[in-house]
Amino acid sequence: MKQLGSLLLAEIIKEHRHSFHSKMIYFSLLVWPVINFVTAYYSFAPFRMGADSPLARFISYEQLPLFLLTGYLGYIFYWCLVQSSWQMSFERQAGTMEMIFISPVNRLAFLYGRSLSSLIEGVWLFFCFVLLALFFVDGIQLSGWWAPPLAFLILLVSAIVWGGFLCVLFLFSRDSSFLYTVLDEPMLIFSGVRLPPMAFPVWAKVISFCFPLTYALQLIRALLMEGASLQTMLPSMGLLAAVLLVLVTATVVLLKLAEKHMKKTGNMVMY
């Protein structure tokens, strides 16, 4: 455990030095997501959003700011892990990632620890902005004091599991740029960040439910915008848990296959 803690601390420090070499980085952590949020909000503003609007079946105009805030908060959580995993592929190419195989610590714990460190570095500033903005937006409906902490826990755990899966996926891939293209922009479009997935055509709904962010956002919005109780959310929480279990299983299997491949060929590229 002490070795794992030391390794994770070293990973956090290394990533901080690599990604936050300028104070302007902290400024961009807030400005970039806020600009995206404002742009998305005013993309809806010129259009009719009353009771007879096509979107009124899925979201009211009064809840639109809250809908977009939760959407972009979830997206930033997941997006920064796509970025971190992409960077991991370059560390592989530079020959610095063999440490996960020669280190005595648990490899799965290392991958999830890296995901957690990426979240700490990448989302805290926008997260503070969202907390502040929640005091000024309408449409918040809570069943109890436990709803916001539970929403945060759902987002945190699902993002870390997603990040661990991405780390393995990017680490052993020959073409990480292709994976980045496939996982970044489609996640923003189809996961319900800006539009409810139920408003999509069938083919787009199929794509949206390939991303765990879709399930996480549905739960978070049910907690914060619909005042859903734990009992009514149990089926949806069970579905998200099943999706995360599949991701954890895939992470373990890929890690073992990659280790076997590397011992046999001496090459970390598996596909």
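All heavy atoms count here, side chains included; hydrogens, waters and symmetry mates do not. As the structure is a computational prediction, the values presented were derived from the model and not from experiment.
- Note that the CG atom of L155 and the CG atom of L213 stand 7.5 Å from one another [nearest 0.5 Å].
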Worksheet entry | Derivation of the side chain to side chain contact (heavy atoms under 4.5 Å, CB included) call for I189 and R194 | CA-CA 7 Å; I189 296 172; R194 296 178 293 197; 4.0 Å; yes

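- With rounding to the nearest 0.5 Å, the separation of CG in L69 from CG in L64 is 9.5 Å.
- Of the possible polar contacts, one joining the Q63 side chain to the G139 backbone as a donor-acceptor pair under 3.5 Å is found.
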Worksheet entry | Test log, rule side chain to side chain contact (heavy atoms under 4.5 Å, CB included), inputs I220 and L73 | CA-CA 11 Å; I220 291 167; L73 179 62; over 6 Å; no

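- No single ILVMFWY cluster, assembled from side-chain heavy atoms under 4.5 Å apart, contains both V157 and V246.
- The aromatic rings of F165 and W162 sit tilted relative to each other, their planes meeting at an angle between 30° and 60°.
- Closest non-hydrogen pair, P212 versus V243, comes out as CB-CG1, 4.1 Å.
- To the nearest 0.5 Å, atom CG of residue L68 and atom CG of residue L195 are 8.5 Å apart.
- Expressed to the nearest 0.5 Å, how far CD1 of I140 lies from CD of E226 amounts to 14.0 Å.
- When the side chains of ILVMFWY residues are joined at heavy-atom separations under 4.5 Å, either directly or via intervening members, M198 and V206 end up in two distinct hydrophobic clusters.
- F200 and K205 make their closest contact through O-CE, 3.0 Å (heavy atoms, listed as atom of the first residue, atom of the second, distance).
- Y215 is not connected to L245 by any chain of hydrophobic side-chain contacts under 4.5 Å among Ile, Leu, Val, Met, Phe, Trp and Tyr, and they are in different clusters.
- Remark: T214 OG1 to L219 CG distance equals 11.0 Å, nearest 0.5 Å.
- Ring planes of F77 and F152: perpendicular class, angle over 60° (limits at 30 and 60°).
- L142 and P148 get closest at one heavy-atom pair: CD1-CG, 4.1 Å.
- Nearest heavy-atom pair across S143 and A228 is OG-O, 2.9 Å.
- Annotation for T70 and F67: closest pair OG1-O, 2.9 Å, computed over non-hydrogen atoms.
- Between the S191 side chain and the L188 main chain, no donor and acceptor come within less than 3.5 Å of each other.
- For the atom pair CG (L134) and CZ (F129), the distance works out to 9.5 Å, reported to the nearest 0.5 Å.
- Side-chain heavy atoms closer than 4.5 Å link hydrophobic residues (I, L, V, M, F, W, Y) into clusters, and following such links, possibly through other members, connects W145 to I154.
- Between A159 and Y78, the shortest heavy-atom contact is N-OH, 3.8 Å.
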Discussion item. Test side chain to side chain contact (heavy atoms under 4.5 Å, CB included) on V161 and T251; report intermediate values, then the result.
Written reply: CA-CA 9 Å; V161 172; T251 303; 6.0 Å; no

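- The aromatic rings of F190 and W203 lie perpendicular to each other, with more than 60° between the two planes, well past the 30° mark.
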Discussion item. Side chain to side chain contact (heavy atoms under 4.5 Å, CB included), that's the test. Do R221 and L66 meet it? Break it down for me.
Written reply: CA-CA 9 Å; R221 285 164 174 159; L66 181 58; over 6 Å; no

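- At least one side-chain heavy atom of V130 sits less than 4.5 Å from a side-chain heavy atom of F126.
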